[in-house]
Amino acid sequence: TPVSSKVFIQRDYSSGTICRFQTKFPSELESRIDKQQFEETIQTLNNLYAEAEKLGGKSYLEGCLACLTAYTIFLCMETHYEKVLKKIARYIKDQNEKTYAPRGLLLTDPIERGLRVVEITIFEDRSIGSGR
Amino acid sequence: MPGGGSSKSGGGGPSSSPLPHAVAPPSRPLRPSRYVPVSAATFFLVGSTTLFFCFTCPWLSEHFSVAVPIYNGVIFLFVLANFCMATFMDPGIFPRAEEDEDKEDDFRAPLYKTVEIRGIQVRMKWCSTCRFYRPPRCSHCSVCDNCVEDFDHHCPWVNNCIGRRNYRYFFLFLLSLTAHIMAVFGFGLLFILYHRQSIDRLHAIVTLAVMCVAGLFFIPVAGLTGFHIVLVARGRTTNEQVTGKFRGGVNPFTNGCWKNVSHVLCSSQAPRYLGRKKRVQSVCVQPPFLRPQLTEAQLAAKILDNGIQGDLHRSKSSLEMMESQSCDAEPPPPPKPELRYPGLSRGNTEESSLLNKAPPTPTMYKYRPTYSPGKNHTALTHAYANQSVGSARDSSSTSSLLQASQQPGFRSQPSLDGRDTPSDRGGGGGGGERREGGREGGGGGGGGIPGYSLGGRSYPSFSDPTVLSGGAASRSSSSTHTSAGVAHVSEATTTSASYKSLANQTPPPHHPSRNGSLSYDSLLAAPEVSPGRSRTSAGGGYNSPFLSAQQKEADLHSQAPSSSAPPPSSSAPPPPHHHHHHHHHHHSSSHHHHHHSSSSSSTSRPPRFSAPHHAYPYRTRSTDVPLGSSSSSVSTTHPPRSPHPPPLGKSLSYSSAAAAEMQYRLVRKASASAGGGGGGIQAPKDELIQMKPLSRTNGGQPLSSSSSTSCSAPSSPSHPISVSTRPGAAYPSPASAQSPAHKPQGGGVKKVTGVGGTTYEISV
């Protein structure tokens with residue numbers, strides 16, 4: 001299916017450099033997906049990233065352990081952030097399969113863009129003469 | 001030791017490609033000099049410690065305790081581990097943006113985008129190498145040729161950038177190295193004290209040597225450690241500290257001392273962006289596609305709220321709905337060709353948006369060549385990015401402006417004489433011409449752009465960027481301000497006072513291809529200099545391609561602190577003067593600044609600021625009418641000027657930047673209004689200069705003030721000094737940008753008539 005266009009959801013820096021994406025519904029998607037659905041997706045992603053970057057006991061212990069083992073632990077153990085990133089990747093795949101692909105959209109994992117944008121590919125809709 | 005390549009985190013096979021591309025990049029030229037510091041550091045560290053362990057420790061472990069070598073061994077291991085992590089770990093390099101990510105921005109996008117972080121305006125600069133707007137705290141390292149997240153600095157001792165991912169290891173390396181040096185020195189001293197009699201033995205000699213090395217390295221290492229302890233506590237990066245970004249301002253990235261420390265030490269290891277396994281898209285996207293069902297109420301609301309936007313989508317959706325048995329029975333309206341929102345479609349936005357919309361005129365826009373020439377980032381005049389980050393990058397006006405600027409890039413001087421009123425100028429007010437009465441381009445930056453493309457607007461490029469930046473001030477003072485966009489920009493600019501973007505990259509190179517140099521020469525030959533034009537030092541490290549021209553201009557113009565002749569213009573001089581003042585202030589405070597300015601222009605700045613300095617808090621001043629008040633308070637005003645022809649040459653040279661300038665002027669209409677005069681001409685220029693990142697030593701404040709002073713052209717057409725009181729601290733633009741044409745009245749003063757009758761006086 002040919003690609004019609006791409007929308008890039010930018011980062012929301014209003015709270016600092018924590019990873020957050022803007023929940024503003026882009027106009028290009030207005031005819032393709034419900035606003036609530038989109039916002040829900042972005043909000044879930046934001047929550048997941050917040051969980052990844054959380055300064056909690058888990059991350060602290062992880063740091064101490066890494067220190068004690070002269071960071072050799074990184075060779076065998078997956079860091080907390082990476083674990084959450086995997087979770088995010090699964091979530092995005094799931095969303096794509098269930099919600100976005102049926103609507104001719106495709107989410108791209110923002111980690112592929114350096115966590116700068118969420119790329120949504122809009123596929124051309126040939127079934128209806130939308131005249132794109 | 002290769003830097004920035006492999007990562008030791010548990011992320012799978014690291015890729016050590018030097019360039020963050022998916023494709024195998026061409027190998028970078030081997031630069032052996034890069035490896036000298038790191039090799040020396042490794043040599044001294046490992047060599048000295050080995051000698052210590054071999055010659056000093058055996059005796060110590062016998063006579064004192066075995067814990068001594070164990071303790072030293074543990075610390076040394078820690079040092080080595082952190083050293084290796086700091087050296088080999090990816091600091092947080094951003095992968096280059098894909099082609100389609102920035103295609104919206106071709107030639108139309110602003111150079112800077114502003115975001116508000118906790119109420120503080122922060123600028124994000126466009127990185128021409130990496131093709132995206134640098135996130136806050138990100139910076140492009142010229143050594144590694146990468147944008148690095150939370151860039152701290154490039155450390156030659158580890159031959160790697162220190163960024164978000166490896167700052168912790170670098171910090172711990174410093175701490176542990178300090179401890180290690182102290183331990184080695186201490187235990188070595190202990191050894192020597194007990195071996196005073198047999199000091200000529202090999203063991204003692206070696207220990208003495210090791211102690212010397214340790215003592216030698218202790219001072220700088222401890223100093224650096226202390227420095228970074230302070231940085232961590234304050235939540236700043238080295239980059240921000242040395243460029244003085246937060247000097248006098250507020251750091252939007254700090255969470256308090258405790259949280260800052262815990263973030264550095266206890267946060268989870270940040271992920272690598274490069275070398276990730278690319279997930280194969282397993283989802284199959286095939287039509288027919290579901291469409292959201294729109295109720296009639298929704299449609300009606302859309303039409304009412306979004307105008308074209310709603311209609312545009314509605315036209316499509318209604319068609320679909322008819323086919324998909326939607327409940328909406330209305331016939332779709334004819335699709336509107338003109339889009340109000342550039343983000344909707346890129347195609348025909350320029351004209352329509354110009355005419356219909358008053359976009360928040362970006363004050364800066366980037367000039368993007370058709371290809372990516374690597375680092376070179378030829379920026380034309382800079383349009384101040386509008387605040388909407390998430391939306392389309394640039395308003396249509398910017399794009400149109402940029403487009404327009406492209407065309408007249410090579411226009412010959414005579415074309416400027418046309419001073420044709422752009423007929424296609426629509427939207428908000430004049431295309432940035434500074435006419436008498438301070439008519440400002442207003443918010444409808446788009447409107448003026450077509451006119452600029454005709455070449456008539458090119459001279460405004462010389463306008464003070466401050467004029468443009470002084471949108472806030474100008475706005476308040478300008479009576480001609482009509483477009484909301486200007487207000488929008490003004491707000492943006494005013495709020496950006498407290499944060500200065502880091503000027504850590506090389507300014508865009510001069511445009512040899514742009515008639516800048518050519519036209520400038522002609523400009524210099526012709527123009528007259530209006531005396532008393534306060535010239536804001538164009539230095540400050542602002543390397544605008546047009547800077548040299550402006551600098552020369554500034555130099556030519558005498559800084560006559562005479563009162564400005566025309567009443568409206570009286571307001572103009574003070575701001576520029578303040579601008580100068582601030583600029584000068586900073587000059588004296590930082591040689592860095594001076595260096596930049598001197599490098600960019602041959603003129604020496606300090607002598608210029610003869611006028612009394614008024615601590616004019618441009619930065620802090622937001623939207624008040626500073627121009628008027630400032631002008632009155634400052635004795636230095638524009639000297640009375642007779643109408644002069646505007647500096648055509650100037651405009652020519654900046655023809656490419658003209659569009660941006662126009663934008664500025666439109667935005668800065670206030671500046672014109674403030675000065676009342678044809679500040680327009682000045683404004684663009686200043687903005688230009690402003691845009692270029694200047695030496696950050698200024699700490700931003702003085703810079704912003706200087707830049708902001710450029711607005712408000714004096715009422716007299718001949719005196720396009722624009723003083724912008726915009727407190728836009730976002731621009732590190734130096735005061736240098738300020739001085740459109742303030743030079744001591746030299747022998748030859750060329751008067752150039754700009755569009756709309758404003759005149760520039762340029763001393764030859």
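Chain identifiers are assigned alphabetically (A, B, ...) following the order of the sequence lines, protein sequences preceding nucleic acid strands; residue numbering begins at 1 within each chain. Computed from heavy atoms alone, side chains included, the values below leave out hydrogens, waters and symmetry copies. If you're wondering where the values come from, they're calculated on a predicted model, not measured in any experiment.
The shortest distance between side-chain heavy atoms of B:P271 and A:I111 falls below 4.5 Å. Proximity of A:S14 to B:E116: side-chain heavy atoms (C-beta onward) are nowhere separated by under 4.5 Å. Two residues are said to be in side-chain contact when any heavy atoms from C-beta on lie closer than 4.5 Å; B:D100 and A:F8 meet this criterion. When side chains are defined from C-beta on, A:Y71 counts as touching B:N82, because their heavy atoms get closer than 4.5 Å. The closest side-chain heavy-atom distance from A:Y60 to B:S262 is not below 4.5 Å. The shortest distance between side-chain heavy atoms of B:Y273 and A:L115 falls below 4.5 Å.
Remark: the backbone N or O of B:C266 is paired with a side-chain donor or acceptor of A:S59 at under 3.5 angstrom. At least one donor-acceptor pair closer than 3.5 Å links the side chain of B:S268 to the backbone N or O of A:Y81.
A:R103 touches chain B through backbone and side chain together, each having a heavy atom under 4.5 Å away. Of the atoms belonging to A:C64, not a single heavy atom falls under 4.5 Å from chain B. If you measure heavy-atom distances from B:L80 to chain A, you find no contacts under 4.5 Å at all. With a 4.5 Å cut-off on non-hydrogen atoms, B:K259 touches chain A through its backbone but not through its side chain. With a 4.5 angstrom heavy-atom cutoff, A:E62 touches chain B only via side-chain atoms. Of the atoms belonging to A:Q37, not a single heavy atom falls under 4.5 Å from chain B. With a threshold of 4.5 angstrom between heavy atoms, B:N255 does not approach chain A through any atom at all. For A:A66, no part sits under 4.5 Å from any heavy atom of chain B, backbone or side chain. Proximity to chain B is limited to the backbone of A:L107, based on heavy atoms less than 4.5 angstrom apart.
The distance from the CZ atom of B:F132 to the CZ atom of A:R116 is 4.5 Å, given to the nearest 0.5 Å. In this structure, A:E112 CD and B:E98 CD are separated by 8.5 Å, a value rounded to the nearest 0.5 Å. Within the model, atoms CZ of B:R272 and OG1 of A:T79 stand 10.5 Å from one another, a figure rounded to the nearest 0.5 Å. Note that NE2 of A:H80 is 12.5 Å distant from CD of B:Q269, once rounded to the nearest 0.5 Å.
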Item to check | Verdict with supporting geometry, B:R276 and A:E82, salt bridge (Lys or Arg N to Asp or Glu O under 4.0 Å) | outcome: CA-CA 11 Å; B:R276 293 193 79 88; A:E82 288 285 342; 3.1 Å; yes

Checklist entry - Hey, mind stepping through B:F253 and A:T17 against side-chain contact (heavy atoms from CB on, under 4.5 Å) and telling me if it holds? => result CA-CA 7 Å; B:F253 304 111; A:T17 47; 3.7 Å; yes

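Per-residue heavy-atom pair counts under 4.5 Å with chain B were compared for A:V84, A:I73, A:N96, and the maximum is reached by A:N96. Taking B:R168, B:E149, B:R164 one by one and counting their heavy-atom pairs under 4.5 Å with chain A, the maximum is reached by B:R164.
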